[in-house]
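Data block below; observations after.
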There are 4 protein chains.
Amino acid sequence: MGKKKGPKYNQIIEAAVTIIAKHGYHQAQVSKIAKEAGVADGTIYLYFKNKEDILTSLFEEKMGSFVGKIRDRITDDLSIEEKLLVLISMHFEQLQADKQLAIVTQLELRQSNTDLRLKINEILKGYLTLIDELLTEGKEKQFFKPNLDNRLARQMIFGTVDEIVTNWVMKDCKYDLLALAKPVHQMILSGFRV
Amino acid sequence: MGKKKGPKYNQIIEAAVTIIAKHGYHQAQVSKIAKEAGVADGTIYLYFKNKEDILTSLFEEKMGSFVGKIRDRITDDLSIEEKLLVLISMHFEQLQADKQLAIVTQLELRQSNTDLRLKINEILKGYLTLIDELLTEGKEKQFFKPNLDNRLARQMIFGTVDEIVTNWVMKDCKYDLLALAKPVHQMILSGFRV
Amino acid sequence: MGKKKGPKYNQIIEAAVTIIAKHGYHQAQVSKIAKEAGVADGTIYLYFKNKEDILTSLFEEKMGSFVGKIRDRITDDLSIEEKLLVLISMHFEQLQADKQLAIVTQLELRQSNTDLRLKINEILKGYLTLIDELLTEGKEKQFFKPNLDNRLARQMIFGTVDEIVTNWVMKDCKYDLLALAKPVHQMILSGFRV
Amino acid sequence: MGKKKGPKYNQIIEAAVTIIAKHGYHQAQVSKIAKEAGVADGTIYLYFKNKEDILTSLFEEKMGSFVGKIRDRITDDLSIEEKLLVLISMHFEQLQADKQLAIVTQLELRQSNTDLRLKINEILKGYLTLIDELLTEGKEKQFFKPNLDNRLARQMIFGTVDEIVTNWVMKDCKYDLLALAKPVHQMILSGFRV
DNA sequence: AATGAATGAGGTTTCATTCAT
DNA sequence: GATGAATGAAACCTCATTCAT
């Protein structure tokens, strides 16, 4: 079980996304995923330690590139405000680009047991760290309030965009998510007050 | 099954909260709940239609008054800003008051994929309506920006407080949640910017 | 548990017939019977040893009088052929008179476990004895073939009338059962052959 | 679940017959059947949809050919009387050939109240049709009385042989059932009368 | 490497019966 | 005698995982 790669590794992950999106978390049996991936049940276990490993790997693979792509776009030449807008926009853009994945991460994987959710949180840490960096930079450059609580601010950013994506998924992804990036960015930076 | 009778009804609900908080949603077998409640397995079914009915009732009993209590405190003599602070404070206060319950509602019950989620959404709907009312009032009284998007603002408020509570629960409720109400209120109203 | 009587004893038996006829053998719970009888569940056990005892008692009470009434009508002044006709006619007549009971004895009680069926057979013995007596008398009086096998002949009589009643019940008792007594009597006595 | 595969399918059916004959219908748990068949509980469900499917399949496999075999022996060169004798003889012969199966079909499976009874009736329908054909032929060829009522005559034949087999099973199959075919045939054709 | 038949642990719910009142 | 709340044993089926081929 050297983990990774071979084409089947990805086949199985894609199959898992498809099956979970289609049938829901609790109806995504290993045998269904194997069938969708075009491999035998047993083959799954040549590439993954167990079922949970499929799901965490799925999340790792998808979110690994998720954060990577955002970082790539947050270039040094941007102002801190622009960087935050890029983060929000890219968050929305990537999920809008793969609606099946959005269903899986926003709705289905959250039904998983607490253990799996802890691992997911582990993976999310890279994202939260990125947000923290932006916040620290913003305070250093005196664009943000000096007394801004990093942890709270991070939870506000993540909680807000996550809730917005979840609502979008629950409304069947039928409006333009990316278009919301600007007003959300505006609300976060400047608040509600006139 | 005339529902809500006797002390046993409450005993069983309390036992369910305890067991779910302790062992997690998927390890909360009826027999465990019965044992904790000090009744026989079969007795559960004199008071509840089935296992899901225990959970639904638990949520109803415990969270049914959640929104009501917040509404009661949002009196007419308060400014819109104060009202929003009351909403956030009461949200935190109520969950802080029963940490076991917070674990159950923030983490465990979300693993269900059944009627229970509909019930949870039902409760939430009342809460979201309340937020909407505050937003509309805020705009009318010109405390809030006239172009504030109600839906987005509502998702920001709810997403933020929910994320904060969830993080607090995952950190074993070991810091003062209520103390966060003011800075959160401040961030939402005035944003991050200096 | 002195068994018998008190008005409730009969109440419970009648309730059992009603409930079994209406809901079927496997859906005839003790609590349902108790409710129909207008007594508490526990009261059943003041009059019957257990559930099986209700059913055997039901059968005893109903079949006890069943055979008794037939015997009463088989008077000495009748020829053996007439006596056999009376037996068949009375068998049909009594079941036609109480269709609910017919459903219970022909269809529902036959779903009972083997133990109960053995007890039912015990009770049926009185009926089979009566048939045997007629057969013996018929041979003695040289109306019946001397080599007629009593056991087989008895099984033929009982098997035939029982099958005919069962078919009648399964066709919702919607034709005149008693009218079949004569042709059946004729077939049994004289056979099919011209 | 493509049905009917491998040796295990038959193993399980045979085990079901054995267990039901030995312990009775209501004490024939899936786990007991699995143990007797030498497979794991779960294996049962690779070959059968559910428990009832075991019983239905059992009946189909074992009794499906019952009528077919009788028909095969009722050749055109036989007189109508001989044909009736073949029918009775084959009925007895087939059940006598597998006493365990006779216990199962005459006593145990009749305790079911489900699709299984419908399946049993389905098989019976083919049998009853065959009897009807003989009766019609007998009347056409003027061996049987012209006023013979087909339905009653059919019920007499079936009721008689079924009752005789059931009695034989309840007496532990300890006498020769096939030997009874001739006297039964004689009784049915010529009746009791001298 | 790939297969897929086989495994077997585990949990909700029913209902006959009891017994304190 | 009468009640009815409480009991608790018992079983079908699913599905993640294994391992002989």
Side-chain angles (χ1 to χ4, degrees), chain A residues 1-2 6-9 26-35 37-55, chain B residues 1-2 5-9 12 26-35 37-54, chain C residues 1-2 6-8 26-35 37-54, chain D residues 1-2 5-9 12 26-35 37-54:
Chain A
M1 246 288 299
K8 300 215 168 144
Y9 177 85
H26 291 286
Q27 282 307 305
Q29 293 87 351
V30 170
S31 61
K32 238 182 226 163
I33 294 172
K35 194 171 187 184
V39 301
D41 292 14
T43 305
I44 299 265
Y45 292 87
L46 298 175
Y47 294 89
F48 299 91
K49 204 159 76 259
N50 51 34
K51 184 179 180 180
E52 183 167 312
D53 189 31
I54 307 176
L55 304 178
Chain B
M1 249 287 300
K5 286 169 294 186
K8 302 238 162 111
Y9 177 84
I12 292 164
H26 291 288
Q27 281 307 307
Q29 294 88 348
V30 170
S31 60
K32 243 181 224 163
I33 295 173
K35 196 170 185 184
V39 300
D41 292 14
T43 303
I44 299 267
Y45 293 87
L46 297 176
Y47 294 90
F48 300 91
K49 206 160 74 260
N50 49 35
K51 184 179 179 181
E52 182 165 318
D53 189 32
I54 306 175
Chain C
M1 245 289 298
K8 300 214 170 147
H26 292 286
Q27 282 306 307
Q29 293 87 351
V30 170
S31 61
K32 239 182 226 162
I33 295 171
K35 195 170 184 183
V39 302
D41 293 14
T43 304
I44 298 266
Y45 292 86
L46 298 174
Y47 293 90
F48 299 91
K49 204 157 78 263
N50 50 35
K51 185 180 180 181
E52 183 168 314
D53 189 30
I54 306 175
Chain D
M1 251 288 301
K5 288 168 292 188
K8 301 239 161 111
Y9 177 84
I12 293 164
H26 291 288
Q27 281 307 303
Q29 294 88 347
V30 170
S31 60
K32 241 181 226 163
I33 294 172
K35 195 169 185 183
V39 301
D41 291 16
T43 304
I44 299 268
Y45 294 88
L46 297 176
Y47 295 90
F48 300 92
K49 206 161 75 257
N50 49 37
K51 184 178 178 181
E52 181 164 319
D53 189 32
I54 307 175

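In what follows, chains are A, B, ... by sequence order, proteins preceding strands, each numbered from 1.
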Inset, instruction - Pick base, sugar-phosphate or nothing for B/Val30, based on heavy-atom distances below 4.0 Å to the nucleic acid. - result: base
Inset, instruction - Search all heavy atoms of A/Ala28 against all heavy atoms of A/Ile33 and return the closest pair with its distance. - result: O-CD1, 4.1 Å
Inset, instruction - Please report the shortest heavy-atom distance between D/Lys51 and D/Gln29, naming the atom on each side. - result: NZ-CA, 4.3 Å
Inset, instruction - Would you mind telling me which residue lines up with the more 5' stretch of DNA chain F, D/Gln29 or D/Gly42, judged by nearest nucleotide? - result: D/Gln29
Legend entry - Pair assignment for E/dA1, Watson-Crick or G-U wobble, requiring both distances under 3.5 Å: none
Inset, instruction - Starting from P on E/dC15, measure out to NZ on C/Lys51 and report it in whole angstrom. - result: 8 Å
Inset, instruction - Please determine if a side-chain N or O atom of B/Thr43 lies less than 4.0 Å away from the OP1 or OP2 oxygen of F/dT7. - result: yes
Legend entry - Nearest to side-chain heavy atoms of B/Leu46, which nucleotide of F/dT7, E/dA16, E/dA6: F/dT7
Inset, instruction - Describe, in one word, how the ring planes of D/Phe48 and D/Tyr9 are oriented to each other, choosing from parallel (under 30°), tilted (30 to 60°) and perpendicular (over 60°). - result: parallel
Legend entry - Out of E/dT7, F/dA5, F/dT7, whichever nucleotide has its closest atom nearest the side chain of B/Tyr47: F/dA5
Legend entry - Of the listed nucleotides F/dA11, E/dT7, F/dC15, the one nearest the side chain of D/Val39: E/dT7
Inset, instruction - Check whether any side-chain nitrogen or oxygen of B/Tyr45 sits under 4.0 Å from OP1 or OP2 of F/dT7, and answer yes or no. - result: no
Inset, instruction - May I have the distance from D/Ile54 (atom CD1) to F/dA11 (atom P), rounded to whole angstrom? - result: 14 Å
Legend entry - 5'-most by nearest nucleotide on DNA chain E - D/Ala40 or B/Glu52: D/Ala40
Inset, instruction - For C/Asp41 and E/dA16, give me the distance from atom CG to atom P, rounded to whole Å. - result: 9 Å
Inset, instruction - May I have the distance from B/Tyr9 (atom OH) to F/dA6 (atom C1'), rounded to whole angstrom? - result: 19 Å
Inset, instruction - In whole angstrom, give the distance that lies between atom CD1 of B/Ile44 and atom P of F/dA6. - result: 12 Å
Legend entry - Distance in angstrom units between A/Asn50 CG and F/dT18 C1', rounded: 13 Å
Inset, instruction - Report the base-pairing partner of F/dT7 (Watson-Crick or G-U wobble, both distances below 3.5 angstrom), or none. - result: E/dA16
Inset, instruction - Round to the nearest Å and state the distance from B/Ile12 atom CD1 to F/dT7 atom C1'. - result: 13 Å
Inset, instruction - For D/Lys35 and E/dA6, give me the distance from atom NZ to atom P, rounded to whole Å. - result: 20 Å
Legend entry - N/O (side chain, B/Lys8) to phosphate O (OP1/OP2, F/dA6) under 4.0 Å: yes
